[in-house]
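First up is the structure itself, then whatever we jot down about it.
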There are 2 protein chains.
Amino acid sequence: MTKEQDLLLLENQICFPLYAASRMIIQAYREPLEELGITYPQYLVMMILWEKDGLAVNEIGKRLFLDSGTLTPLLKRLESHNLIKRVRSEDDERKVEIQLTFQGKSMKSKAEKIPAKILECLNSWEPETLVNFKSEVNKLVKTLNQP
Amino acid sequence: MTKEQDLLLLENQICFPLYAASRMIIQAYREPLEELGITYPQYLVMMILWEKDGLAVNEIGKRLFLDSGTLTPLLKRLESHNLIKRVRSEDDERKVEIQLTFQGKSMKSKAEKIPAKILECLNSWEPETLVNFKSEVNKLVKTLNQP
DNA sequence: TTAAATTTAATTGTTTACAATTAAAAATGA
DNA sequence: TCATTTTTAATTGTAAACAATTAAATTTAA
């Protein structure tokens with residue numbers, strides 16, 4: 001088998017396990033998030049807003065590497081669940097600011113129990129190994145995010 | 001800030017960078033795959049078939065951790081592009097065997113150039129670091145795949 | 001043997017992703 | 001100033017993902 005052919009085997013791909021791991025970990029979030037009635041991408045948006053309320057769509061997009069094509073309908077769903085409000089900015093009418101509602105803010109305390117639940121799935125890993133791994137994945141994101 | 005609150009910050013998540021990296025790397029495949037006229041999940045299926053032709057839908061699903069809800073329409077698209085045939089098995093009429101067409105087989109030689117192109121995006125990484133990282137991600141997949 | 005359970009693929013419906021385009025607002029520059 | 005460019009969200013269309021259900025074929029166990 002040539003080297004090229006070898007690189008084409010599924011087991012020799014770096015990308016496939018990343019793709020699989022990403023989906024599996026989103027799967028792990030499904031059950032705890034079901035109690036909150038939101039999906040994983042919606043949870044990511046809520047986390048960002050719990051850190052800093054009132055961000056514009058593009059600012060959320062920059063943090064999550066998502067564009068308005070994904071975010072606009074997702075935010076409309078969060079709004080229909082009364083977790084956020086979408087408010088046209090007065091300073092710059094192009095922008096839509098995303099503001100947490102009371103319900104949206106209240107959800108944070110429930111959400112705080114989720115990370116520990118996810119870490120349980122990973123309790124066979126040494127904490128240090130996990131921290132190192134996280135930093136490697138972050139490095140990969142930075143590498144891939146270079147223009 | 002409590003430990004719980006700290007764990008809820010986006011930058012302290014392990015899952016988010018995995019999710020981002022997965023999408024970014026699929027993005028990196030987009031251009032080279034466009035020349036073949038297929039998407040990344042379709043490419044994964046083709047890779048499996050180049051390794052072993054004639055697999056049933058569920059066997060492909062086991063390898064990719066995907067179910068028929070995802071695979072059936074994806075395979076129909078590959079069929080409509082004349083890359084595969086979907087053939088009801090004679091031994092077991094529940095099964096649909098996926099067979100490469102001549103065109104599907106021919107695509108392999110073009111596809112063999114893709115892994116090197118993807119590795120180019122990662123040329124700032126030491127080969128050894130990359131190999132270690134891959135093995136870590138594979139370990140993670142195994143951990144998360146435990147029932 | 002045959003009724004019950006399991007396996008297999010397909011279907012239905014919801015939610016991402018994302019490319020490409022559109023439209024409005026704001027910023028820039030001649 | 002005012003035409004041009006850029007920024008910002010929204011829209012349209014395609015393709016995953018995946019839960020839940022359905023229907024047919026097969027396996028199993030009574």
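These figures come from a predicted structure and were not determined experimentally. Naming convention: chains lettered A, B, ... in sequence-line order (proteins, then strands); numbering from 1 in each chain.
One finds no side-chain N or O of Tyr40(B) lying less than 4.0 angstrom from the OP1 or OP2 phosphate oxygen of dA15(D). Regarding contacts with the backbone of dT11(C), a side-chain N or O of Lys76(B) is found under 4.0 angstrom from either OP1 or OP2. Taking only side-chain nitrogens and oxygens, Gln27(B) comes nearer than 4.0 Å to OP1 or OP2 of dA19(C). Listed pair Arg86(A) / dA9(D) fails the phosphate criterion, with no side-chain N or O lying under 4.0 Å from OP1 or OP2. Checking the phosphate oxygens (OP1, OP2) of dA16(D), no side-chain nitrogen or oxygen of Tyr19(A) falls inside 4.0 Å.
Contact annotation: the side chain of Leu64(A) approaches that of Phe16(B) to within less than 4.5 Å [non-hydrogen atoms, C-beta and beyond].
For Leu78(A) against Met46(A), the heavy-atom pair with the smallest separation is CD1-SD, 4.2 Å. The heavy-atom pair separating Pro115(A) from Gln13(B) by the smallest distance is CG-NE2, 4.4 Å.
Of the two residues contacting DNA chain D, namely Ile26(B) and Thr70(A), the nearest-nucleotide position lying further toward the 5' end is that of Thr70(A). Of the two residues contacting DNA chain C, namely Pro73(B) and Arg94(A), the nearest-nucleotide position lying further toward the 5' end is that of Pro73(B).
Distance, Arg88(A) CZ to dT8(D) P: 12 Å, rounded to whole Å. Per the geometry, CG belonging to Leu78(B) stands 11 Å off P belonging to dA15(D), to the nearest Å. Taking atom CG on Leu33(B) and atom P on dA19(C), their separation rounds to 13 Å, with Å as the unit. A straight line from CG of Asn58(B) to P of dC18(D) spans 17 Å, rounded to a whole angstrom. Protein atom OH of Tyr29(B) is 19 Å distant from nucleotide atom C1' of dC18(C), rounded to whole Å. At whole-Å resolution of the value, CD in Glu59(B) and P in dT8(C) are 8 Å apart. Computed from coordinates, the Tyr43(A) OH to dT16(C) C1' distance equals 18 Å when rounded to whole Å. Rounded to a whole Å, the CD1 atom of Ile60(B) is 13 Å from the P atom of dT8(C).
Thr39(A) comes within contact range of the sugar-phosphate backbone alone, with a heavy-atom separation under 4.0 Å but no base atom that close.
Geometrically, Arg23(A) engages Tyr19(A) in a cation-pi contact defined by less than 6.0 Å to the ring centre and at most 45° from the axis.
Of the candidates Asn138(A), Val137(A), Asn132(A), Asn138(A) is the only one forming a side chain to side chain contact (heavy atoms under 4.5 Å, CB included) with Lys134(A).
Between the side chain of Ser68(A) and the base of dA10(D), at least one donor-acceptor pair of N or O atoms lies under 3.5 Å.
With dT11(C), dC18(C), dA9(D) as the choices, the nucleotide that has an atom nearest any side-chain atom of Val96(A) turns out to be dA9(D). Minimum atom distance to the side chain of Glu93(A) is reached by dA25(C), of the listed dT16(C), dC18(D), dA25(C). Of the listed nucleotides (dA16(D), dA9(D), dA9(C)), dA9(D) has the atom at the smallest distance from the side chain of Thr72(A). Relative to the side chain of Leu66(A), the nucleotides dA17(C), dA16(D), dT11(D) differ in distance, and dA17(C) lies closest. The side chain of Arg23(B) sits closest to dA17(C) out of dA17(C), dA10(C), dA15(D). Closest to the side chain of Lys95(A), from the set dC18(C), dA16(D), dA9(D), is dA9(D). Considering only side-chain atoms of Arg30(A), the nucleotide from dT8(C), dC18(C), dA19(D) that sits closest is dA19(D).
A salt bridge links Glu136(A) with Lys139(A): the distance from a Lys NZ or Arg NE/NH1/NH2 to an Asp or Glu carboxylate oxygen falls below 4.0 Å.
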